[in-house]
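Written below as structure tokens is the structure these notes are about.
Just follow the structure's listing: the first ligand is 1, and inside any ligand the first atom is 1. Note that the structure is predicted; figures quoted are calculated from it, not measured.
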Amino acid sequence: MVAKDRKSYYHVRVISMPGRWKLRSVLYLIVIACFLVLSLTSAYGQSGAPGAQIKLPGPKHDGTVSVEKALKERRSVRVYKDTPLSMGEVSQVLWAAQGITEPSRGLRTAPSARAQYYLTVYLLADNVTGLRPGMYRYVPAGHTLSHVAEGDVKTALYRTVGQSPIQKAPVVLVIAGAQDRAANANFMYVEAGHAAQNVYLQGVSLGLGSVVMGGFDPEAVSKTLKLPGNEKALYIMPVGRK
Ligand SMILES: Cc1cc2nc3c(=O)[nH]c(=O)nc-3n(C[C@H](O)[C@H](O)[C@H](O)COP(=O)(O)O)c2cc1C
């Protein structure tokens, strides 16, 4: 009886060998398919259709450059290296502009009159590793990017404004203000100044250069970027490696 059982056991094992190989081949194929999908995604960059949300890497809260050194070295920089920015650098610069630093109350890196936060920061990405060229809205809650439009929006902005740093920079920030919400229009202008200075100082710490640009027709810029009707472009800041 025992011998018979053993026989049937061996019988089952012999029969199941090809099945095992089939299973293994299927698993190998799944692993290869996953690898291909992952490499294609990283080659083309994150994000899909407009409206997609992209999680940014978490910002760092310490660095090696003191505030005093950053203030001393801050300069308007209009010429950039022709190299991409990383998602980490983009994340850090956006966090410096409008990142949330006190989640319980939603307070941010830059001050705001009555904590009303009139600003929206847009990212025009041209050369960022892992991010498709296009226009994105920075969403402080959750530290994400919301995909607004695909393609070379930056060149369209350059044609509208005509200042060469916009064309050369790997990314351009556009700081817009909600003119319908600002009880006093001055509030949104001064708030933009705070956010822009943060970007300048964060840039020094990362070895990135930037310049604030106010010399443009806000209506023409709104039209080019198809900004929501209540928003006014206040500052344009190209950012790139020094
Ligand atoms: C309100 C404002 C608007 C500015 N607009 C422009 C501009 O359109 N284009 C530009 O290249 N620089 C612009 N700048 C940058 C100034 O030219 C720059 O800050 C100034 O030359 C001093 O140099 P620094 O920033 O290196 O100290 C602007 C600065 C401010 C404060």
Side-chain angles (χ1 to χ4, degrees), residues 63-83 85 89-90 92-99 108-113 116-127 135 138 152-179 181-227 230-242:
T64 53
V65 177
S66 68
V67 175
E68 293 80 4
K69 190 161 189 225
L71 286 167
K72 167 109 182 19
E73 295 196 355
R74 184 210 62 82
R75 259 318 44 95
S76 292
V77 177
R78 298 175 179 84
V79 178
Y80 318 102
K81 282 190 184 156
D82 189 18
T83 52
L85 295 194
E89 288 167 325
V90 166
Q92 203 64 37
V93 164
L94 290 168
W95 175 81
Q98 280 294 280
R108 303 184 186 178
T109 50
S112 169
Q116 289 300 300
Y117 301 107
Y118 302 117
L119 305 182
T120 299
V121 181
Y122 292 95
L123 174 80
L124 310 188
D126 176 21
N127 194 4
M135 178 168 165
Y138 176 58
D152 192 1
V153 187
K154 207 191 64 157
T155 297
L157 182 68
Y158 165 63
R159 290 199 182 116
T160 304
V161 175
Q163 297 202 40
S164 62
I166 296 174
Q167 189 187 28
K168 292 181 211 146
V171 303
V172 172
L173 305 187
V174 176
I175 302 178
Q179 44 195 350
R181 287 205 295 120
N184 175 339
N186 282 348
F187 287 170
M188 71 178 187
Y189 295 114
V190 292
E191 205 173 313
H194 297 304
Q197 179 77 356
N198 285 359
V199 171
Y200 264 122
L201 298 179
Q202 179 69 79
V204 175
S205 153
L206 298 174
L208 304 176
S210 185
V211 55
V212 284
M213 291 178 167
F216 57 84
D217 172 0
E219 282 185 16
V221 167
S222 289
K223 207 171 155 197
T224 300
L225 299 180
K226 299 189 179 77
L227 293 184
N230 66 320
E231 287 184 10
K232 180 179 184 181
L234 306 174
Y235 255 156
I236 295 172
M237 295 190 78
V239 181
R241 216 171 292 290
K242 281 200 268 187

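- Atom 18 (C) of ligand 1 has its closest protein heavy atom at Ser76 OG, 3.6 Å.
- Atom 6 (C) of ligand 1 has its closest protein heavy atom at Val212 O, 3.2 Å.
- For ligand 1, the atoms sitting less than 4.0 Å from at least one non-hydrogen atom of Gly215 are 5 (N), 8 (O), numbered in the order shown with element in parentheses.
- Taking every non-hydrogen atom of Arg74 and a distance limit under 4.0 Å, the qualifying atoms of ligand 1 come out as 24 (P), 25 (O), 27 (O).
- The residue among Met237, Met213, Arg78 with a heavy atom at the shortest distance from atom 12 (N) of ligand 1 is Arg78.
- In summary, of the residues considered (Ile236, Leu124, Val90, Leu94), a side chain to side chain contact (heavy atoms under 4.5 Å, CB included) with Leu173 occurs for Leu94 alone.
- Within ligand 1, counting atoms from 1 as listed, the ones closer than 4.0 Å to a heavy atom of Gln163 are 7 (C), 8 (O), 9 (N), 10 (C), 11 (O).
- Nearest protein heavy-atom neighbour of atom 5 (N) of ligand 1: Gly214 N, 3.0 Å.
- At under 3.5 Å, not a single nitrogen or oxygen of Val211, backbone or side chain, sits near a nitrogen or oxygen of ligand 1.
- By the 3.5 Å distance cut-off applied to N or O atoms, Tyr235 is not counted among the residues near ligand 1.
- Environment of CD in Gln116: crowded, with over 12 heavy atoms of neighbouring residues, nucleotides or ligands closer than 6.0 Å.
- Here the options are Pro165, Pro170, Ser164, the test is side chain to side chain contact (heavy atoms under 4.5 Å, CB included), and the partner is Pro238; only Pro165 passes.
- The backbone N or O of Arg108 lies less than 3.5 Å from a partner atom in the side chain of Tyr117, making a donor-acceptor pair.
- Here the straight-line distance linking atom NZ of Lys242 with atom NZ of Lys81 works out to 10.5 Å at 0.5 Å rounding.
- A donor and an acceptor atom, one from each side chain of Tyr158 and Lys168, are nowhere located under 3.5 Å apart.
- Distance screen at 4.0 Å: atom 22 (C) of ligand 1 has no protein heavy-atom neighbour inside the cut-off.
- By the 6.0 Å contact criterion, CZ on Arg181 is enclosed, its count of non-hydrogen atoms from other residues, nucleotides or ligands being greater than 12.
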